[in-house]
Amino acid sequence: MAAKRKKERIVGQYFVWLVGTRNDVYYADGRSNKINAGRHTLGTKEFKTAMERLQKLDLDRAVAHGLAHRSLLEPDQKLITLEEGRQRYEEHVGRPRVVGGTKSSTGKRYRAVFDKFLTFARKEGITVWNHVTSKTIERYAAFLEKAGYAYATQYVELTTIKQAVKFLVAQDLLPPESLIRGSLSKPQGTTTYCWHQQEVKVMLEQCRKSPSLAWREGVIIALACTGLRISELASLRWTDIDRQANMIRLTDESRQPRRGGRKPRETKSGRSRAFPLHEHLAEALKVMPPTKDGLIFHGPPRRQAQARYRSQHSDPRAFDAIEPTVSRA
């Protein structure tokens, strides 16, 4: 009985192929993939020529099954690497605000998104943006969900990748066919926990019982009555309180120059806003002393910070060499 012919396993960019010969002519069998790529003759008895044709066959089947764009079949198609495309997009969003650029915090968030996506793409065998398709987005969404990322995070990350592809197409760095079709479902509602009235009451009682927690009372009242973000609360100044109009005016200063070495305040939306001064917060502000730096809220007094530092370090001499910094709320 004749020995069974051996087949060589070849891993292509999109499919795995079993390559063998029949009547000395090479053929490629891709039926074992999750997506059946079929069985095809390579029409040659030369191994080198067979490998060149297998590479083209791999791409052709990927296009046929929607794993790659048809434009990739064009031999003169310009390819843009993942790193180059990322750099172009980050330069675009990092341009000056006056010409439509984003805040520095937004650029920082985008960098984290690309760090994660590019690592994923390389593991998928993708090295150029031309190979990023809607199927890639679907697989990346599955990866994020399996890794336990929240729905809102998935939405932000996938939207960022789609925007990057759209920008590269608009700059003629990718063909129009590279646009990622389909929409993403926006997250509805919020998972942010909201304090109940009884919980706020208990926290305030604890602050009033303990002198070391007294500084937190105003912070808790402000958070409960305004809904401000922690960063916004930390930057709130006495000049933001309009007692005559009974309003809090939160001004976005991201387009203003630095004054006195102080970093301009940035709101998340990039717009200034005003809202009523709650009566409970107004009463709390009346008993709070003015501060030299103009900020309303601060961390614990220096003595409390020093005492807490000493309690956390067994060697008392370690404290003498360190100037503790008081963190703001």
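Atom-to-atom distance recorded for F117:CZ and L82:CG is 7.0 Å, nearest 0.5 angstrom. Rounding to the nearest 0.5 angstrom, the gap separating the NZ atom in K166 from the CG atom in L168 is 12.5 Å. Note that SG of C225 and CG of L277 are 9.0 Å apart. Values are rounded to the nearest 0.5 Å. Taking CD of E145 as the reference point, atom OG1 of T153 lies at 12.0 Å (rounded to 0.5 Å). Note: R237 CZ to F297 CZ = 13.5 Å, rounded to the nearest 0.5 Å. L295 CG to S235 OG: the interatomic distance, rounded to the nearest 0.5 Å, is 7.5 Å.
Nearest heavy atoms, V169 versus P175: CG2-O, 3.6 Å. Scanning both residues, I221 and A284, for their nearest heavy atoms gives CD1-CB, 4.0 Å. In this structure, T133 and L67 approach most closely via the heavy-atom pair CG2-O, 3.5 Å. Closest heavy-atom contact between H280 and H278: N-ND1, 3.0 Å.
Under the 4.5 Å side-chain criterion, counting only non-hydrogen atoms from C-beta, T136 is not in contact with Y140. The shortest distance between side-chain heavy atoms of K7 and V19 does not fall below 4.5 Å. By the 4.5 Å heavy-atom criterion applied to side chains, Y151 and S185 are counted as neighbours. Using a 4.5 Å cut-off on side-chain heavy atoms (C-beta onward), T49 and Y26 make no contact. By the 4.5 Å heavy-atom criterion applied to side chains, I161 and F114 are counted as neighbours. Side-chain contact between L144 and E157 is present, with at least one heavy-atom pair separated by less than 4.5 Å. For the pair I80 and V128, the minimum side-chain heavy-atom distance is 4.5 Å or more. A heavy-atom distance below 4.5 Å is found between the side chains of T291 and W238.
Looking only at atom types and distance, the side chain of H92 has no donor-acceptor partner in the side chain of Q171 under 3.5 Å away.
Looking only at distances, no side-chain donor or acceptor of N33 sits under 3.5 Å from a matching main-chain atom of I35. At distances below 3.5 Å, at least one donor-acceptor pair connects side-chain atoms of D58 with backbone N or O atoms of F15. Here the side chain of N130 pairs a donor or acceptor atom with the backbone of K78 at under 3.5 angstrom. The backbone N or O of R229 sits less than 3.5 Å from a side-chain atom of E232, completing a donor-acceptor pair. For N246 (side chain) and R243 (main-chain N/O), no donor-acceptor pair under 3.5 Å exists by modelled atom type. With T119 contributing its side chain and D115 its backbone, the two residues share a donor-acceptor pair below 3.5 Å. E91 places no side-chain N or O within donor-acceptor distance of the main-chain N or O of R88, the cut-off being under 3.5 Å.
Y27 and I10 are members of different hydrophobic clusters when ILVMFWY side chains are connected at heavy-atom separations under 4.5 Å. The hydrophobic cluster containing I180 also contains V113, counting ILVMFWY residues as joined when their side-chain heavy atoms lie under 4.5 angstrom apart, directly or transitively. Cluster annotation: L228 is connected to I230 through the hydrophobic network of ILVMFWY side chains, with a link wherever side-chain heavy atoms come within less than 4.5 Å. Under a hydrophobic-cluster definition in which Ile, Leu, Val, Met, Phe, Trp and Tyr are linked whenever side-chain heavy atoms come within less than 4.5 Å, directly or via other members, L79 and Y14 are assigned to the same cluster. No continuous path of ILVMFWY side-chain contacts below 4.5 Å connects V165 to V156, so the two sit in separate hydrophobic clusters.
Among residues at least two apart or in separate chains, salt bridge (Lys or Arg N to Asp or Glu O under 4.0 Å) pairs with a member in residues 211-221 are R208-E217. Applying the salt bridge (Lys or Arg N to Asp or Glu O under 4.0 Å) test to residues at least two apart or on different chains, the pairs with a partner in residues 117-139 are E83-R122, E124-R139.
Q244 pairs by the side-chain contact (heavy atoms from CB on, under 4.5 Å) definition with D242, not counting sequence neighbours. Taking R95 as the reference, nothing meets the salt bridge (Lys or Arg N to Asp or Glu O under 4.0 Å) condition, with sequence neighbours excluded. Listed by chain and number, the residues in a side-chain contact (heavy atoms from CB on, under 4.5 Å) with T159 are Y155, Q163, L184 (sequence neighbours excluded).
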Could you walk me through whether N36 and H65 pass side-chain hydrogen bond (donor to acceptor under 3.5 Å, both in side chains), step by step?
CA-CA 9 Å; N36 187 343; H65 290 285; over 6 Å; no
Apply side chain to side chain contact (heavy atoms under 4.5 Å, CB included) to residues L236 and T226 and explain how you reach the verdict.
CA-CA 12 Å; L236 197 65; T226 64; over 6 Å; no
Begin from the C-alpha positions of F275 and R249 and carry the test side chain to side chain contact (heavy atoms under 4.5 Å, CB included) through to its verdict.
CA-CA 7 Å; F275 46 90; R249 305 190 185 280; over 6 Å; no
Side chain to side chain contact (heavy atoms under 4.5 Å, CB included) between I296 and I241: does it pass, once the steps are laid out?
CA-CA 10 Å; I296 298 177; I241 308 300; 3.8 Å; yes
L173 and W129: CA distance, side-chain angles, deciding distance, side chain to side chain contact (heavy atoms under 4.5 Å, CB included) verdict:
CA-CA 9 Å; L173 297 171; W129 283 97; over 6 Å; no
Do any side-chain atoms of residues 38-48 form donor-acceptor pairs under 3.5 angstrom with protein atoms, and if so which ones, sequence neighbours left out?
{"unit_1": "H40", "atom_1": "NE2", "unit_2": "A37", "atom_2": "O", "d": "2.7"}
{"unit_1": "T41", "atom_1": "OG1", "unit_2": "G43", "atom_2": "N", "d": "3.2"}
{"unit_1": "T44", "atom_1": "OG1", "unit_2": "E46", "atom_2": "N", "d": "3.1"}

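Ion pairing of K56 with E52 is absent here, as no side-chain N (NZ or NE/NH1/NH2) approaches a carboxylate O to less than 4.0 Å. Residues E205 and K209 are not paired through a salt bridge, judged by the lack of any N-O separation under 4.0 Å between the basic side chain and the carboxylate.
For K116 and Y149, the positive end sits near the middle of the six-membered ring, less than 6.0 Å away and at most 45° from its axis.
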